[in-house]
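Just so you know, ligand 1 is whichever comes first in the structure, and atom 1 is the first atom listed for that ligand. All values reported here derive from a predicted model rather than from experimental measurement.
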Amino acid sequence: MQENDPLRATDDPSPGLPRHVAIIMDGNGRWAQERGLPRFAGHKAGVEAVRAVVEQCVKLEIRVLTLFAFSSENWKRPAKEVSLLMDLFMMALNREVKRLRRNNVRLRIIGDHSAFAEKLQHKIREAEATTAACDGLILQVAANYGGRWDLTRAVQKIAALAASGELDPAEITEESISAELSTAGLPDPDLFIRTGGEQRLSNFLLWQSAYAELYLTPTLWPDFNQAAFAEALREFAGRQRRFGRTTEQVQAAERAADE
Ligand code: IPE
Ligand code: IPE
Ligand code: MG
């Protein structure tokens, strides 16, 4: 990495940072409409916002960033918009992959690729292979992803093992379910951001976000800049995560850890 590279990782990871940030990047269409532009212009501007957030995650040494780019339900959009989104995905992969590798970012595309054109599937495999040896930020892009799809696929795999006698159903645990999801091996999201003002999960990382801190902001995705992300991280750092315990228990555990 070069000295003046804006993506250069700092040696000083701040405490209170999430290990895994998941983002529903919503509001591109409205951003464009507000400017009298076609919705697609919002999606294009959204790619720029992705670059900025990835840069910040690299600098801060956040381990995993998962971005919701296209949901299982987004096929219901007008065919023209869907096809433009696929073109944009292809273009972004073409343009960004070398830069990601330079910055030691490992790219993973999660979701059901089989629905994509063969050319795009090939590009996805190629992009993942290009960055496979990178061990900095893990950037997961969720494309044709749905939390229910993820869980259904995991249940199918587990049921097949049980049916063949390789697995005793009594031995299925939360960990073994997590291990069959597309996010296997990664920590669950600590911080779950949704831009664009909606207050819903829209079928993103349902199992994995069981204890994620939610940060819902009216800022439209193309406007979600460095300052907006920094604000989300600041708010996260001030949250007390109790995981079912009482405030007193959490404080006592923190005091014990400090000693
Ligand atoms: C999110 O922005 C991007 C995708 C779902 C692909 P939208 O396109 O949903 O933007 P709004 O919600 O219509 O403003
Ligand atoms: C969620 O946004 C999916 C992505 C951001 C890719 P949508 O705009 O599709 O969500 P809904 O349909 O309004 O819930
Ligand atoms: Mg939307």
Side-chain angles (χ1 to χ4, degrees), residues 20-54 57 64-96 107-117 120-121 123-124 127 139-153 181-183 189 191-209 212-225 228-229 232:
H20 182 171
V21 179
I23 309 183
I24 300 184
M25 310 184 289
D26 196 19
N28 294 347
R30 279 163 286 164
W31 183 92
Q33 277 156 355
E34 277 176 6
R35 288 162 176 74
L37 299 168
R39 292 177 56 82
F40 182 63
H43 296 314
K44 267 173 84 174
V47 176
E48 302 302 315
V50 168
R51 196 179 290 139
V53 165
V54 170
C57 287
V64 188
L65 173 66
T66 305
L67 301 173
F68 205 5
F70 190 87
S71 75
S72 324
E73 289 72 34
N74 285 144
W75 297 107
K76 295 177 195 157
R77 294 194 176 195
K80 184 75 192 157
E81 179 167 346
V82 170
S83 123
L84 285 170
L85 281 167
M86 295 298 149
D87 292 348
L88 189 61
F89 189 25
M90 188 83 178
M91 251 161 51
L93 287 173
N94 273 327
R95 277 209 203 132
E96 305 293 332
L107 180 67
R108 301 186 68 220
I109 312 294
I110 59 169
D112 183 3
H113 306 177
S114 67
F116 296 142
L120 181 53
Q121 291 188 45
K123 185 51 65 185
I124 288 171
L139 171 61
Q140 299 194 108
V141 175
N144 194 22
Y145 178 87
R148 289 184 169 186
W149 164 82
D150 210 357
L151 280 162
T152 303
R153 205 183 50 142
L181 295 171
S182 54
T183 49
L191 173 60
F192 183 119
I193 298 174
R194 181 172 191 143
T195 63
E198 310 298 351
Q199 317 240 332
R200 52 178 173 257
L201 304 178
S202 298
N203 200 13
F204 192 38
L205 299 175
L206 297 178
W207 170 277
Q208 297 91 330
S209 298
E213 292 295 325
L214 303 179
Y215 182 83
L216 307 171
T217 170
T219 303
L220 304 173
W221 176 250
D223 291 329
F224 194 78
N225 57 17
F229 187 45

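- Counting only non-hydrogen atoms, the option in A143, A69, G196, A142 that gets closest to atom 6 (C) of ligand 2 is A69.
- Each of the following atoms of ligand 1 lies closer than 4.0 Å to a heavy atom of R39: 7 (P), 8 (O), 10 (O), 13 (O).
- Of all the heavy atoms of F204, none lies under 4.0 Å from any atom of ligand 2, so neither backbone nor side chain is involved.
- Between L67 and L65 there is a side-chain heavy-atom pair separated by less than 4.5 Å.
- Of the candidates L84, N28, L85, T195, N28 brings a heavy atom nearest to atom 2 (O) of ligand 1.
- The ligand atoms of ligand 2 that sit less than 4.0 angstrom from a heavy atom of S202 are 10 (O), 11 (P), 14 (O).
- A donor-acceptor contact shorter than 3.5 Å links the side chain of R35 to the backbone of W31.
- Contact of the L85 side chain with the F40 side chain is not registered, since no non-hydrogen atoms from C-beta on lie closer than 4.5 Å.
- Across all non-hydrogen atoms, the minimal contact from P222 to G27 is CD-O, 4.2 Å.
- Less than 4.0 angstrom separates some heavy atom of R30 from each of these atoms of ligand 1: 11 (P), 12 (O), 14 (O).
- For the 3.5 Å distance criterion, the side chains of D26 and T195 fail to qualify, holding no donor opposite an acceptor.
- Taking a 4.0 Å cut-off on heavy atoms, R194 registers as neighbouring ligand 2.
- Across all non-hydrogen atoms, the minimal contact from L191 to A232 is CD2-O, 4.2 Å.
- Taking 4.5 Å as the limit, every side-chain heavy atom of W221 sits out of range of all side-chain heavy atoms of I24.
- Atom numbering of ligand 2 starts at 1 in the shown order; those under 4.0 Å from a heavy atom of I24 are 1 (C), 5 (C).
- Heavy atoms of E198 come nearer than 4.0 angstrom to ligand 1 in no pair at all.
- Here the protein heavy atom with the shortest distance to atom 5 (C) of ligand 1 is R77 NH2, 3.3 Å.
- Here the heavy atom of the protein found nearest to atom 10 (O) of ligand 1 is G29 N, 2.9 Å.
- Heavy-atom distances between G27 and ligand 1 reach below 4.0 Å in at least one pair.
- Protein heavy atom at the shortest distance from atom 1 (C) of ligand 1 is M25 O, 3.1 Å.
- By the definition of a contact as any protein heavy atom under 4.0 Å away, atom 12 (O) of ligand 2 is not in contact.
- Judged by distance alone, the side chains of Q208 and H20 never bring a donor and an acceptor atom under 3.5 Å apart.
- A heavy-atom distance below 4.5 Å is found between the side chains of L107 and V141.
- The R200 neighbourhood of ligand 2 comprises atoms 11 (P), 13 (O), 14 (O), with distances under 4.0 Å to a heavy atom of that residue.
- Minimum heavy-atom separation, I124 to F89: CD1-CE2, 4.0 Å.
- The contact set between ligand 2 and N74, taken as ligand atoms under 4.0 Å from a residue heavy atom, comprises 3 (C), 6 (C), 9 (O).
- The closest side-chain donor-acceptor pair between D150 and Y145 falls under 3.5 angstrom.
- No other N/O/S atom of D26 lies as close to the Mg ion (ligand 3) as OD1 does.
- Using a 4.0 Å cut-off between a side-chain N of Lys or Arg and a carboxylate O of Asp or Glu, E73 and R148 do not qualify as a salt bridge.
- The closest approach between any non-hydrogen atom of E73 and ligand 2 is not below 4.0 Å.
- At a 4.0 Å cut-off, at least one heavy atom of H43 sits close enough to ligand 1 to count as contact.
- Nearest protein neighbour of atom 7 (P) of ligand 1, counting heavy atoms only, is D26 OD1, 3.5 Å.
- With ligand atoms numbered from 1 in the order given, ligand 2 contributes 6 (C) to contacts under 4.0 Å with heavy atoms of F70.
- Under the 3.5 Å distance criterion, with hydrogens and angles disregarded, a donor-acceptor pair is assigned to the side chains of W75 and N144.
- Side-chain atoms of S202 and R194 include a donor-acceptor pair closer than 3.5 Å.
- Note: no N/O pair closer than 3.5 Å links S71 and ligand 2 by distance alone.
- For L220, no heavy-atom contact with ligand 1 is shorter than 4.0 Å.
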